[in-house]
Student: 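Supplied in structure tokens, the structure appears directly below.
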Amino acid sequence: MPEERAGQSERLKNGIHTACLVCPIRLNDHFREFSPGELEFVRSFRKGEFHADAGTTILVEGSHSAHLYTVLTGWGFRYKILEDGRRQILNYVVPGDMIGLQGAVFDEMAHSVEALTPMRLCVFERDRLLSLFEKHPGLGYDLTWIASREESMLDDHLISIGRRTALERAAYLLAFLDDRGRVSGLTGEDKAYLPITQAHVADTLGLSIVHTNKTLKKLVSRGLIRWLDRGCEILDNFGLQEAANWKPDGITRRPFI
């Protein structure tokens with residue numbers, strides 16, 4: 001199986017790292033606080049910090065990684081590439097999400113992860129994962145919660161691709177990303193900017209570029225979004241939720257590692 005690409009996810013940035021006490025995730029009220037013992041363990045579990053430019057492949061499908069990552073800042077996405085080069089985007093990652101857990105459990109990654117914008121990631125040693133469950137079962141539960149939440153989101157994505165119309169799919173995706181951006185602190189409470197292209201939308205929804213373009217124009221005509229050169233401005237998130245017949249899960253506080 002291929003190793004992770006040199007100069008990418010195995011490269012830890014030498015320089016100023018984000019101290020755990022001023023971690024941007026801990027400063028966000030949507031995330032639960034650590035106990036003093038948990039915080040000390042996380043500080044010892046942490047190996048460093050990785051800075052990724054937009055377009056950087058952080059993890060590669062089939063690779064073996066010695067590390068797990070928690071997103072501190074920025075957007076990314078998980079995806080798979082078929083043998084003929086077609087791409088399916090599985091989900092998007094935001095601050096508080098953990099990536100690489102699948103590789104830790106199954107020994108190799110079943111999908112790749114790419115930075116959509118510049119990202120900062122907290123790096124943990126995979127070999128110490130068992131000690132997290134042994135010494136801090138509360139953190140072990142949190143890790144299980146994170147994995148279960150990812151499964152729940154993928155359930156929603158599958159429903160969207162399998163049963164929603166093209167318009168409902170597009171509205172759902174943009175409403176979903178808008179909600180995740182707001183909760184994670186990436187977007188504001190009024191107008192939100194999503195750093196995705198129409199190619200990202202097409203590869204997430206399983207639509208052609210032409211069909212995607214026509215569908216997004218319908219959302220634009222309704223005054224729900226404004227499409228920019230390399231992104232989308234959300235003008236009416238409640239209107240998007242209504243068009244998709246979808247509502248956020250309403251989780252007020254969530255764990256992270």
Side-chain angles (χ1 to χ4, degrees), residues 24-25 27-31 54-55 71-79 87-97 114-119 149-150 152-254:
I25 302 175
L27 301 178
N28 185 330
D29 291 338
H30 288 288
F31 293 90
V71 180
L72 297 177
T73 62
W75 293 86
F77 62 93
R78 311 173 195 263
Y79 67 97
R87 180 179 69 176
Q88 176 65 48
I89 294 179
L90 307 172
N91 204 355
Y92 293 79
V93 296
V94 297
D97 288 348
E114 180 177 317
L116 190 56
T117 67
M119 297 178 71
R149 175 72 179 109
E150 179 69 22
S152 177
M153 288 188 288
L154 292 177
D155 288 346
D156 281 343
H157 295 347
L158 184 59
I159 290 171
S160 192
I161 291 175
R163 285 289 176 255
R164 288 190 172 106
T165 66
L167 183 69
E168 290 170 336
R169 290 188 214 179
Y172 159 75
L173 175 63
L174 298 177
F176 167 79
L177 292 178
D178 177 60
D179 178 66
R180 297 218 75 207
R182 291 172 192 272
V183 171
S184 62
L186 288 174
T187 61
E189 290 300 323
D190 297 323
K191 294 180 181 178
Y193 172 79
L194 304 178
I196 56 174
T197 66
Q198 293 193 15
H200 291 117
V201 175
D203 287 353
T204 306
L205 302 182
L207 302 174
S208 70
I209 286 289
V210 172
H211 198 174
T212 297
N213 181 265
K214 291 179 178 179
T215 302
L216 293 174
K217 283 182 177 178
K218 293 178 182 178
L219 296 179
V220 171
S221 68
R222 295 188 182 189
L224 303 179
I225 64 171
R226 179 182 295 117
W227 202 266
L228 308 173
D229 286 342
R230 289 192 61 82
C232 175
E233 186 179 10
I234 305 297
L235 303 179
D236 184 355
N237 60 330
F238 293 110
L240 286 172
Q241 292 174 22
E242 186 175 278
N245 192 25
W246 173 84
K247 292 186 180 300
D249 55 26
I251 296 172
T252 55
R253 301 198 80 186
R254 54 155 293 184

Student: What salt bridge (charged side-chain N to carboxylate O under 4.0 Å, His left out) pairs are there with at least one residue in residues 196-220, not counting sequence neighbours?
Tutor: R87-D203

Student: Are H200 and L194 side-chain neighbours, meaning at least one heavy-atom pair lies under 4.5 Å?
Tutor: no

Student: Considering residues at least two apart in sequence or located in another chain, which fulfil the side chain to side chain contact (heavy atoms under 4.5 Å, CB included) criterion with A166?
Tutor: L207, H211, T215

Student: Quick one: list whatever passes salt bridge (charged side-chain N to carboxylate O under 4.0 Å, His left out) with D249, sequence neighbours left out.
Tutor: R149

Student: Has the side chain of D97 got a donor or acceptor atom that lies under 3.5 Å from a matching backbone atom of V94?
Tutor: yes

Student: I'd like to know if the side chain of R254 reaches the main chain of F31, judged simply by a donor and an acceptor atom lying under 3.5 Å from each other, with no hydrogens or angles considered.
Tutor: no

Student: Among residues at least two apart in sequence or on other chains, which ones pass salt bridge (charged side-chain N to carboxylate O under 4.0 Å, His left out) with E114?
Tutor: none

Student: Can you sort out the partners of P248 under side chain to side chain contact (heavy atoms under 4.5 Å, CB included), two or more places apart, ordered by chain and number?
Tutor: D179, Q241, W246

Student: Using the test side chain to side chain contact (heavy atoms under 4.5 Å, CB included), find all partners of E242 that sit at least two apart in sequence or belong to another chain.
Tutor: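 Residues passing side chain to side chain contact (heavy atoms under 4.5 Å, CB included) with E242: none at all.
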
Student: Report yes or no: does T197 contribute a side-chain atom to a donor-acceptor pair with the main-chain N or O of R230 at less than 3.5 Å?
Tutor: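 Flag not set: sc T197 to bb R230 has no pair under 3.5 Å.
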
Student: Mind checking what makes side-chain hydrogen bond (donor to acceptor under 3.5 Å, both in side chains) contact with T204, not counting sequence neighbours?
Tutor: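 Y92.
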
Student: In chain order, what residues pass the ring-ring contact (aromatic ring centres under 6.0 Å, His included) check against F176, with sequence neighbours excluded?
Tutor: H157, Y172

Student: Is a side-chain N or O of T117 found less than 3.5 angstrom from the main chain of G74, in a donor-acceptor match?
Tutor: no

Student: How would you list all residue pairs meeting salt bridge (charged side-chain N to carboxylate O under 4.0 Å, His left out) that involve residues 162-175, not counting sequence neighbours?
Tutor: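 Residue pairs passing salt bridge (charged side-chain N to carboxylate O under 4.0 Å, His left out), neighbours aside: none found.
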
Student: Suppose we screen for side chain to side chain contact (heavy atoms under 4.5 Å, CB included). Which residues come up paired with R222, at least two apart in sequence or across chains?
Tutor: L167, L224, A243

